[in-house]
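Atoms considered below: every heavy atom in the structure, side chains included; atoms not considered: hydrogens, waters and symmetry mates. Keep in mind that this is a model prediction, so the values were computed, not measured. Remember, it's 1-based here, ligands and their atoms both numbered in the order they're listed.
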Amino acid sequence: MNKEIIILGIESSCDDTSAAILNGRKILSNVVANQEIHKQYGGVVPELASRAHQQNIIPVVDAAIRKANIKKEEINAIAFTNGPGLLGSLLVGSSFAKSFAIGMDIPLIAINHMQAHILAHFIDEEKNIPEFPFLCLTVSGGHTQIVKVESPNNMQIIGTTLDDAAGEAFDKSAKILGLPYPGGPLIDKHAKNGNIHAFTFGKPKIKNLDFSFSGLKTSILYKIQDGVKENPNFIKENLESLCASIQHSIVNVLIEKLQLAIKKTGIKQIAIAGGVSANSYLRNRLDVLSKTANFDLYIPKFEYCTDNAAMIAIAGYFKYLDKDFSQQSISPSARLFF
Ligand code: KG4
Ligand code: ZN
């Protein structure tokens with residue numbers, strides 16, 4: 001192995017405990033432990049998430065180091081998610097990272113989770129990467145943003161959601177349909193054979209580059225309630241087309257704002273990131289649009305779309321190059337901006 005800077009990344013912002021090792025930009029390991037426990041509750045239960053992180057963190061880090069086939073003494077720095085996220089969950093990862101940094105006498109690097117989603121594009125990639133400046137549509141369970149990325153360590157949010165995030169819109173719609181959490185991937189799956197025009201829902205009327213999904217969610221709820229009132233089997237009989245129409249409506253909102261951002265900034269290097277960027281319909285629509293609207297589209301590898309520690313490690317790598325290290329007194333924040 002040609003040894004460069006070796007970073008251990010730790011992600012624990014929500015319900016995935018993850019550890020990854022990067023050698024420069026090259027991935028050596030990326031271990032993710034999903035927390036199945038939340039499924040039965042229809043959403044993430046914060047206290048259960050913190051406890052599961054507490055149970056998972058040591059075995060997950062151990063597995064990442066063993067899989068990478070390195071010794072822990074070879075690690076040059078540890079990067080961890082400092083927010084945004086669930087505070088109890090963040091505290092588990094940050095406490096572990098601080099102890100590891102002290103114990104191994106290596107730098108500690110605090111990472112913004114949303115910036116890390118964007119930097120996931122640079123994991124293992126030398127060629128097929130966006131040129132700076134680029135625009136990134138960052139869509140996850142907690143956030144929906146359009147970010148102007150000037151460099152790995154310099155980015156600005158130019159549009160954001162005023163209420164729900166796109167992932168939330170997927171998950172809450174799925175819940176109304178009786179699908180388990182997280183519903184986004186299930187809507188994606190059921191939508192494949194549905195008719196996108198079967199049902200129409202209210203469109204948000206927000207000016208500028210900001211998003212809103214709460215009106216759309218209410219419109220979906222009312223339409224389904226009305227349908228069930230008339231026919232108790234409404235959901236079962238229309239599941240595929242309901243999923244396709246809901247997905248179409250959410251994706252339309254995202255694409256409309258992204259097009260406006262391209263028009264306003266003149267930037268034609270476009271990336272997507274975050275859990276919702278795993279959505280196949282969003283990917284296909286953007287792929288088609290990139291050809292007609294003439295922009296370069298960058299989609300991260302599937303495994304780096306949803307929460308993972310490889311993205312924390314790559315963000316740590318870029319900060320390491322800038323010697324942007326954190327103090328031991330740093331404390332994670334549930335609401336962290338950049
Ligand atoms: O980035 P992420 O893993 O965690 C957060 O930082 O929130 O995003 C999770 C979100 C969930 O809302 C999940 O339903 C959504 O990403 N998601 C999807 C798909 N895969 C994950 N939404 C739509 N289609 C998918 N294929
Ligand atoms: Zn995330």
Got the closest protein heavy atom to [atom], with its distance?
atom	value
atom 24 (N) of ligand 1	Asn279 ND2, 3.0 Å
atom 22 (N) of ligand 1	Gly184 CA, 3.4 Å
atom 12 (O) of ligand 1	Asp171 OD2, 2.6 Å
atom 2 (P) of ligand 1	Asp307 OD1, 3.3 Å
atom 26 (N) of ligand 1	Asp188 OD2, 2.9 Å
atom 21 (C) of ligand 1	Gly275 O, 3.3 Å
atom 9 (C) of ligand 1	Gly141 N, 3.7 Å

Does either side chain, that of [X] or that of [Y], offer a donor lying less than 3.5 Å from an acceptor on the other one?
X	Y	answer
Asp16	Gln35	no
Ser212	Asp163	yes
Asn231	Glu237	yes
Tyr281	His248	yes
Asp15	His53	no
Asp188	Ser280	yes

Give yes or no for whether the N/O distance cutoff of 3.5 Å, strictly under, is met between [X] and ligand 1.
X	answer
His117	yes
Gly274	no
Asp16	no
Gly183	no

[X] touching ligand 1 at heavy-atom level, < 4.0 angstrom:
X	value
His113	yes
Pro185	yes
Lys189	no

Donor-acceptor contact below 3.5 Å, side chain [X] vs main chain [Y]:
X	Y	answer
Asn112	Gln115	yes
Ser277	Gly274	yes
Ser13	Gly85	no

Near [X], which atoms of ligand 1 are under 4.0 Å from a heavy atom of that residue?
X	value
Ser140	1 (O), 5 (C), 6 (O), 7 (O), 8 (O)
Gly167	12 (O)
Gly142	7 (O)
Ala278	20 (N), 26 (N)

For a quick test of your reading: what N or O donor-acceptor pairs under 3.5 Å do the side chains of residues 324-338 make, sequence neighbours left out?
| unit_1 | atom_1 | unit_2 | atom_2 | d |
| --- | --- | --- | --- | --- |
| Ser326 | OG | Ala110 | N | 3.1 |
| Gln328 | NE2 | Lys98 | O | 3.1 |
| Ser333 | OG | Arg335 | O | 3.0 |

request  = Show your working on ring pair (Phe, Tyr, Trp, His ring centres under 6.0 Å) between Tyr298 and Tyr304 and close with a plain yes or no.
outcome  = CA-CA 13 Å; Tyr298 300 90; Tyr304 304 136; over 10 Å; no

How about Phe132: does its CZ atom have over 12 heavy atoms from other parts shown lying under 6.0 Å from it?
-> yes

Item checked: Within 6.0 Å of CD in Glu131, more than 12 heavy atoms from elsewhere -> no

With a 4.0 Å cut-off on N to O distance, would you call Asp164 and Lys172 a salt bridge?
yes

- Just say parallel, tilted or perpendicular for the rings of Phe134 and Phe122, cut-offs at 30° and 60°. tilted

Listing protein N, O or S under 2.8 Å around the Zn ion (ligand 2) gives His113 NE2, His117 NE2, Asp307 OD1

